[in-house]
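Take a look at the structure below.
By convention here, the first residue in the shown sequence is residue 1.
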Amino acid sequence: MIPFLDLKAINAMYRDELVEASTRVIDSGWYITGNELEAFEQEFAAYCGTKHTIGVANGLDALTLTLQAWKELGRLKDGDEVIVPTNTYVASILAISAANLTPILVEPDIKNYNICPVRVRQAISPKTRVILPVHLYGRLADMPAILEIANEYDLLVLEDSAQAHGACVDGRKSGSWGDASGFSFYPGKNLGALGDAGAITTNDDSLAETLRALRNYGSHEKYKNLFRGVNSRLDEIQAAMLRVKLKYLDKELQHRRKAASAYVDGINNNKIILPVNNLTPNSVEFDQNVWHVFTVRCEQRASLQKHLTEHGIQTLIHYPIPPHKQQAYEEMKDKNYPVSELIHEQVLSLPIGPTITSEEVRSVINACNSFGD
């Protein structure tokens with residue numbers, strides 16, 4: 001079986017360095033908010049091109065705590081509206097709910113699956129305070145257009161960069177476009193820890209200071225609590241793991257682009273819609289995509305997935321149920337978002353990652369091309 005993503009093989013490439021980093025932390029005797037976290041925060045901020053990185057426990061906390069920090073700073077209040085894509089993982093919307101704000105769902109552009117700026121503008125109301133674009137599947141949302149709208153209406157922008165480590169447009173990486181950005185380092189991400197982990201990037205000094213308190217029980221100084229915070233700290237072991245893997249991220253991204261380019265060149269089946277309607281290999285836009293997943297669409301998705309499984313190829317669906325159809329958001333069940341529903345009914349993600357071989361890519365291409373024969 002060709003795995004969708006071989007985490008064991010990925011980590012095996014850096015095993016000696018990961019073991020050395022773990023040993024360094026174990027021997028230090030310091031396991032929370034120590035030198036490894038401080039070093040990773042500096043290194044990741046430099047990588048993204050921001051002043052600050054604030055390590056937290058996971059990607060959901062990264063989004064939730066940022067929204068909460070803006071409330072503490074007086075920039076948001078309960079019930080304010082946050083524009084968010086309908087086509088996303090539910091965590092993007094859970095963060096809004098957790099901060100007692102109101103999610104306003106906006107349809108994506110079918111050409112790239114990311115939030116549509118035209119529809120963003122149409123969704124703005126007197127209660128709108130934040131735009132939360134999600135850089136889905138490894139491709140940045142149209143940030144120049146989104147920032148133009150945000151500047152016009154004086155709105156905050158919170159990037160959800162959980163799937164877009166290293167993705168860029170005009171030389172600016174994900175995490176450096178908005179007022180802040182939330183990252184996940186879940187093991188399957190392009191930059192993945194060996195457990196749960198997350199971070200926030202920002203250039204805002206006051207926001208960074210507030211976030212560092214909120215993640216630590218609301219405390220800047222031990223036993224003095226400025227806010228009603230939480231315990232959401234990126235621990236030393238995971239920070240050390242991420243420091244090792246960050247050094248190789250750009251190299252891994254090039255490997256993903258090579259595999260994606262082969263898929264685009266090689267898959268030729270009119271039953272399968274590729275995720276690059278307006279991209280071609282070697283174009284600037286193609287190389288800006290970090291290909292967290294390579295997602296195709298097919299009207300006969302179940303049959304295609306079965307066909308690929310029979311050919312020894314593991315695939316995943318990102319995502320089978322849109323947020324507004326989840327039981328957790330029953331109040332949205334009667335909403336009509338046809339573009340997102342079409343995407344969620346048809347998408348299928350093919351194997352891609354830093355260890356996939358050219359032979360495996362060729363096998364996937366051949367299997368896709370034989371579908372329906």
Side-chain angles (χ1 to χ4, degrees), residues 40-70 73 75-76 82-85 88-89 91-96 98-99 101 114-115 117 120 129-147 149-151 155-186 189-193 197-212 214-215 232 234 242 246 249 253 288-290 292:
F40 173 70
E41 288 178 335
Q42 292 173 354
E43 290 160 6
F44 193 66
Y47 179 81
C48 294
T50 60
K51 289 177 64 176
H52 303 283
T53 289
I54 303 93
V56 294
N58 54 68
L60 175 57
D61 282 2
L63 298 176
T64 304
L65 288 175
T66 302
L67 294 170
Q68 187 62 44
W70 280 331
L73 292 167
R75 303 203 66 181
L76 298 176
V82 180
I83 292 176
V84 64
T88 184
Y89 183 56
S92 307
I93 299 168
L94 288 173
I96 300 169
L101 302 168
N114 278 326
I115 195 167
V120 168
R129 294 292 180 270
V130 183
I131 305 174
L132 200 163
V134 180
H135 305 316
L136 202 63
Y137 307 149
R139 184 177 182 180
L140 281 182
D142 188 348
M143 293 307 297
I146 289 169
L147 289 188
I149 296 169
N151 290 335
L155 304 177
L156 295 163
V157 176
L158 173 56
E159 300 173 70
D160 184 337
S161 298
Q163 300 186 12
H165 315 73
C168 68
V169 167
D170 297 334
R172 291 177 63 180
K173 288 194 174 89
S174 64
S176 67
W177 284 86
D179 297 280
S181 179
F183 285 87
S184 167
F185 304 120
Y186 183 77
K189 303 299 185 183
N190 286 14
L191 178 61
I200 302 143
T201 55
T202 185
N203 290 316
D204 185 328
D205 295 341
S206 60
L207 177 62
E209 183 180 13
T210 304
L211 284 165
R212 290 194 174 97
L214 283 175
R215 73 174 177 185
S232 181
L234 174 58
L242 290 165
L246 179 59
L249 178 57
L253 297 183
Q288 290 170 344
N289 195 324
V290 293
H292 172 61

Evaluate the side-chain proximity of [Y] to [X]: yes if any heavy-atom separation is below 4.5 Å, no if none is.
X: Phe183; Y: Lys189; result: no
X: Ile115; Y: Ile146; result: yes
X: Tyr186; Y: Asn58; result: no
X: Asp204; Y: Asp179; result: no
X: Tyr47; Y: Leu249; result: yes
X: Leu242; Y: Phe44; result: no
X: Cys48; Y: Thr53; result: no
X: Trp177; Y: Val157; result: no

Can a salt bridge be assigned to the pair Arg172 and Glu159 using a cut-off of 4.0 Å between side-chain N and carboxylate O?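 A salt bridge is absent here (no side-chain N lies under 4.0 Å from a carboxylate O).
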Might you point out which heavy atoms bring [X] and [Y] nearest each other, and give the distance in Å?
X: Ser92; Y: Val84; value: CB-CG2, 4.1 Å
X: Ile200; Y: Ala62; value: CG1-O, 3.4 Å
X: Gln163; Y: Val290; value: O-CG2, 4.0 Å
X: Asp205; Y: Lys51; value: OD1-NZ, 2.8 Å
X: Pro85; Y: Val134; value: CG-CG2, 3.5 Å
X: Met143; Y: Pro133; value: SD-CG, 3.9 Å

Atom [atom1] in [X], atom [atom2] in [Y]: separation rounded to 0.5 Å?
X: Ile54; Y: Glu209; atom1: CD1; atom2: CD; result: 11.0 Å
X: Ser161; Y: Asn190; atom1: OG; atom2: CG; result: 12.0 Å
X: Ile96; Y: Ile83; atom1: CD1; atom2: CD1; result: 10.0 Å
X: Leu211; Y: Asp61; atom1: CG; atom2: CG; result: 11.0 Å

Main-chain N/O of [Y] paired with [X] side-chain donor or acceptor, under 3.5 Å:
X: Gln68; Y: Ala99; value: no
X: Ser174; Y: Ala164; value: yes
X: Thr202; Y: Ala180; value: no
X: Asn114; Y: Leu140; value: yes
X: Arg215; Y: Gly55; value: yes
X: His135; Y: Ala141; value: yes
X: Asp160; Y: Leu63; value: no

Among Ile131, Leu76, Val82, side-chain contact (heavy atoms from CB on, under 4.5 Å) partner for Leu156: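 Filter result, single survivor: Leu76.
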